[in-house]
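Here the structure is laid out as structure tokens; the discussion comes afterwards.
These values consider heavy atoms only, across backbone and side chains, with no hydrogens, waters or symmetry-generated copies. Naming convention: chains lettered A, B, ... in sequence-line order (proteins, then strands); numbering from 1 in each chain. From a predicted model like this one, the values you see are computed outputs, not experimental measurements.
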Amino acid sequence: MIELSTLLNLAWLVPGLPFLAFIINFFFFRKSAWITSRLATLFMAGSALISWKIFYTVWTHPKDFLVTAQNWQDYSSYFEWLPLDPSYQSAIQKGFSINIGVFLDPLSVMMLAMVASIATLIHIYSIGYMHGDPGKARFFLYLSLFTFSMLGMVSSNNFMQMFIFWELVGLCSYLLIGFYINKKSAGDAAKKAFIVTRFADFGFMVGLVLLAWVAHDFNFFTLSTRVDELSGIVKVGLFTFPFLPMFSLMIFMGAMGKSGQFPFHIWLPDAMEGPTPVSALIHAATMVTAGVFMLARCFPLFHSGNEMEIIAYIGGFTALFAATIAIVQFDVKKILAYSTLSQLGYMVMGMGIEGAIVAGNPATGVFHLFTHAFFKALLFLGAGSLIHAAHTNDIRQMGNMGKYAKITSITFLIGTLALCGFPPFAGFYSKDAIIHAAHVNGFHGLYILGTITAFLTSFYMARCLIYVFCGEYRGEGTPHESSFTMTFPLVVLAICSIFVGWVQQDFTIFLSGGQMTMEPLGMSAYITSIVIVILGFGSAYAIFHKKVISPEAISKAFVFPHFVLEKKYFMDEIWDYCIRNILLVVSWICATFDKKIVDGVLVDGWDYLTHASARVLKQTQTGVLHTYIFVGLTSTVIFICTLFIN
Amino acid sequence: MDFFIAPEFLTALLALFVLCSDFFLKEKKEHIVPAITVSGAMLILTVSFAFPFIGESSLLNSLFNGFETSLGKFATYSNDYLSLFGSRLLLVSLVLTTLLSWDYIQKRTKKITEFYALLIFATCGLMFMVSAQELLTFFVSLETASMCLYALSAYFTDNKYSLEAGLKYFLLGASFSALMLYGIVLVYGACGTTNYAQIATVISTIGESGNTNFLYAGVVLICIGFAFKLSLAPFHMWAPDVLQGAPTPISAFLSVSSKAAGFMVLIRLTSVAFTQMNPVWVKFFLICAIVSMIFGNLIAVWQTNMKRLMAYSSIGQVSYLVMGIIATNDVGTSALLYFLVSYVFTTLSIFIVIACVSKHDGDDMADFYGLSKRSPFVAMVATIGILSLCGIPPMSGFFAKFYVFAAAIKSKYFTLVFFALIATTVSLFYYLNVLRAMYIDGDESHNTPLEVANSSKVGMWLCLIGMMYFGIFPQQLVTFCNQVAVSL
């Protein structure tokens, strides 16, 4: 095992290299897409290699990386960025401050390796995908910045650094969704994503302010030892509440925004307006899992609180809710987006379940995050390749794509099987572990939700496959297979999607620093899963291919439910209504108050007062030397006299 | 090595060297002399970072500090953390002021060498002033610097404004120096010593029994002397006239270096010599601060001359700075030191812009019209400087204000902070006016590209880096300031 300090120094390079690429490209090569793309990819690959090196070391020595509140400092390398306590003691002892740096524990190492590898593959893919786009250089700039921010976020050891990078990834997401600047829908989607997540981040911010106010500490590990103390009732201003549950729900609000949990999910499907590699990297594999990552990070803090059960139900509900909408979508990226929402729901559910029980093991949820990143990135990139081939997002205009794009099709099929949880593909091990956890821990409601969602997942993915691969090609022109830079990442991700599930046991040991194990899934899980997938595929096959019952007939028979699903449960309309009728009315009142009272009386009055009094005071400055000496000496006399009168 | 590596000594050498260079330099004086000044100052700065000279010097002890009196050892001068901090800051300010003068002086006068020599002598005097350990050494150093500055203010002898500035500054400065000297005499009369540490010992033994009226009056008079140098209202009246009339580099030097040095001496006096007397000077500075906030910020609203505006603005800034003294704790001292660093970079950035932009000696705000089109870079520097003066993050001005206000709140001066906050909002009136002039005002006639000399560009970059670096990464500097504050 190499020295810890060496590892820490290397770890700076993981987020450092993409940042360097961003800086170099920004200052020197903004005009040349060729250089920008190659340089960014090269630096990203270097970052990924280093992250694997670190990952390998930790993976092989899990017991040496058991990070606790006592030894966390050995595993972090940071600088004190902002001393918040400006007292002189900080010269001697470290006061309350904001620290920025890198931190190595199994969770962050896993995230670093995962994010860096997928980002590398997506960089390679984008070279082909963005070929000929006038904004290619800009695209790679944003991509580097995003990767830097994401890596910076996962390697933070305190809430404040996490928040800073959390907002940075949000910014990059905004920039990349709105990448096609001439498309109005892209601009709208970018704004929607930004505003909705900002709205949720407000909760995160309130949580952080509470934390700074009450606990005077941002560090994950020192906070985790103070759980008992922090669970008590606190009084902040006029409000009295138990601190920790309030804090965790506030923080979780931020997670809900980023990870698209109901009712903040509305931005994610629209975010598909961005280029497909962005959807794969940001809106499927990495950024949207930030909320789940945060839950894993704060696991010791949230652990065995009642609020975790609420979180689990929000997750389970989102999973089912999003899966039902996916059934009626025709845009391949929208299907995948709802599927992502649904899978994120699973992850949150997994974290919630494990958090709510005493012997909770965060590995359940985190493992799904890990595997999902691979197969969902694969599916999105595959979809991108299909779109690239057929020049449309609409699955009704595809068909028989297997004939034209072999590699894409095979890898897409593998991704689908992994997503549906067909053993032995990756999704089975992670998703069924969550469903299994719900079952054995007595959350029967969640168990049923999870199982139905699993069936729906198979159903809508099979529907998607049938539209894409069966029948005759229904679009215009002749589709063609994509270039090597695009198919290579597909193949790599497909291989990963087959195999990463198998490490489930080792993964648990690794993540808990050798403290926990997970019992392997039993035969019943295998059988259930296979049956569910076959049921889902079979019914989709019967309906959409054989037309035993034609889909039109079903939609006719269930007009209202179908309409509701097509309208995505009217969530956009509900938000719209709320904003229009509540927010706008409140804003109108505020605006009127602002215009009449604040502007009219305060600002203008203040302006008038300032100018008027300044005009009077100005007269004192006569420019005559006598006056100056007179004023100075008179003041002196007055000062001395005041002194003696006292 | 001893005293020979102390920045004070090296700076004195540099001044003599520059002065002598006039004899053997025939051509291109206008470039070589400032180049020598900048590189010399940089070199001294490097030495002071590489070999910080702190502590006892056997040479000095034998010359100045060896007197044994009934109160113990009598030191006149010593190098400690504060003087290290002070000399570094003054050197940075000297470098920036020289970069600012380079182009400006060359265009306006033939007398090059004396200008820089006097500038370095003034800096040197200020450095000795910071390091002085007793009142007379302090006073002599102060006068050394002041003499240079009187001459420099009137440097453009063919310009009546410059002459007026020099004369006014000299007459008023002399009067208030006299007052201060009288204060020193009274303190000496009451304590029987002029050494800071010994004064503190004597004051603590006088207690309630002795007649302290002389002492009180002496302290107030000394404080008035400081209030004059720092242009605290109601002793501020010289500042607008002098700063407007004097050559721009000297206006910059007067509002930056001499104030920074003044504050550092004030820190020394208030935290060493007159600690026991704090009811007196706290009350004095409290009144001065509030009056300055009102006068400085309000009168600035009507100004159209940039240098005059900056004079009022610096009266306002000084009133925030003095809050660090009023706080009477280490936090306040540390915050004040941080503020000084920020103040040096911020104020000089604006002065460099003024020197570049002004066409004639008017320095009117109209010169700033359309600056964003004439030279986007200069406009950006001015914008960042103005925003830093307003106290907007991430510029260093934000943390400067933040820490000072925090220190005042820690000592429970809520009224003062309240006034300061109001003053900050008022200050937006005139600060943002400058931005408006640069970005909105002006018409077609204001878009001829602006020629900026390389020296000024370098100066602007340095200010920019200073403002942004200490604003984004304040930690190192804060640690150093804390160290200085604790060491006193």
Side-chain angles (χ1 to χ4, degrees), chain A residues 78-101 164 602-646, chain B residues 164 167-168 171-172 175-176 179 213 216-217 219-221 223-224 227-228 233-235 237-238 240-241 279-280 283-284 287-288 291 294-295 297-303 329-331 333-335 338 399 402-403 406-407 410 425-426 429 472-476 478-483 485-486:
Chain A
Y78 62 89
F79 65 93
E80 193 182 36
W81 176 56
L82 194 64
L84 288 180
D85 184 11
S87 73
Y88 61 94
Q89 276 122 355
S90 60
I92 307 147
Q93 67 187 51
K94 293 270 181 219
F96 175 39
S97 63
I98 298 176
N99 302 324
I100 303 282
I164 292 168
L602 288 178
V603 176
D604 289 352
W606 190 234
D607 178 75
Y608 176 78
L609 196 70
T610 310
H611 277 91
S613 49
R615 197 193 288 272
V616 175
L617 288 182
K618 202 167 69 132
Q619 307 303 323
T620 57
Q621 198 76 28
T622 55
V624 182
L625 199 58
H626 312 148
T627 327
Y628 295 0
I629 294 194
F630 174 74
V631 172
L633 291 183
T634 317
S635 319
T636 310
V637 172
I638 291 172
F639 270 115
I640 303 271
C641 291
T642 357
L643 180 80
F644 283 102
I645 289 165
N646 282 3
Chain B
E164 182 197 332
L167 194 64
K168 272 186 180 161
L171 288 174
L172 287 166
S175 320
F176 282 91
L179 280 183
N213 283 344
Y216 278 23
V219 172
V220 171
L221 285 175
C223 288
I224 286 171
F228 173 80
F235 308 98
M237 305 193 101
W238 62 276
D241 288 13
V280 181
K283 204 190 295 164
F284 176 82
I287 295 167
C288 283
V291 178
I294 296 169
F295 270 72
N297 289 310
L298 280 181
I299 304 185
V301 172
W302 284 100
Q303 303 306 321
N329 52 26
D330 285 346
V331 187
T333 311
S334 164
Y338 180 89
F399 284 113
F402 172 76
Y403 284 141
K410 201 162 185 171
T425 54
V426 173
F429 272 96
I472 298 176
F473 303 104
Q475 200 272 329
Q476 260 178 322
V478 170
T479 313
F480 186 46
C481 294
N482 288 333
Q483 201 180 2
V486 175

Exercise. So, for A/V631 and B/P234, which heavy atoms are closest and what is the spacing to 0.1 Å?
Worked result: CG1-O, 3.9 Å
Problem set entry | Which of A/I100, A/I629, A/V616 touches chain B most, by non-hydrogen pairs under 4.5 Å | A/I629
For this session: Could you please spell out the steps behind the side chain to side chain contact (heavy atoms under 4.5 Å, CB included) verdict for A/L633 and B/L179?
Result: CA-CA 9 Å; A/L633 291 183; B/L179 280 183; 3.9 Å; yes
Seminar exercise, completed: Interface check, chain A: of B/V220, B/I472, B/T333, most non-hydrogen pairs under 4.5 Å belong to B/I472
Exercise. Taking all atoms of both residues into account, what is the closest heavy-atom pair of B/K168 and A/G623, and its distance?
Worked result: NZ-O, 2.8 Å
Seminar exercise, completed: Note: B/A217 and A/I640 closest approach over all heavy atoms is O-CD1, 4.1 Å
Problem set entry | Winner by heavy-atom pair count (cut-off under 4.5 Å) against chain A, out of B/Y216, B/F429, B/F228 | B/F429
Exercise. B/L167 versus chain A, heavy atoms under 4.5 Å apart: side chain, backbone, both or neither?
Worked result: neither
For this session: Taking the side chain as every heavy atom from C-beta outward, state whether B/V301 and A/R615 have any atom pair closer than 4.5 Å.
Result: no
Exercise. So with a 6.0 Å cut-off around CZ of A/F79, is the heavy-atom count from everything else above 12?
Worked result: yes
Exercise. What pair of heavy atoms forms the shortest contact from B/I299 to A/L617, and how long is it?
Worked result: CD1-O, 3.7 Å
For this session: Give the minimum heavy-atom separation between A/Y628 and B/M237, together with the two atoms involved.
Result: CE2-O, 3.4 Å
Exercise. Rounded to the nearest 0.5 Å, how far does CD1 of A/I98 lie from CD of B/Q475?
Worked result: 12.0 Å
Problem set entry | Pick from B/F284, B/F480, B/F295, B/F176 with the largest number of heavy-atom pairs that fall under 4.5 Å of chain A | B/F284
Exercise. Any side-chain heavy atom of B/F235 sitting closer than 4.5 Å to one from A/T636?
Worked result: yes
Seminar exercise, completed: Output for pair (B/I294 CD1, A/S613 OG), nearest 0.5 Å, gives 9.0 Å
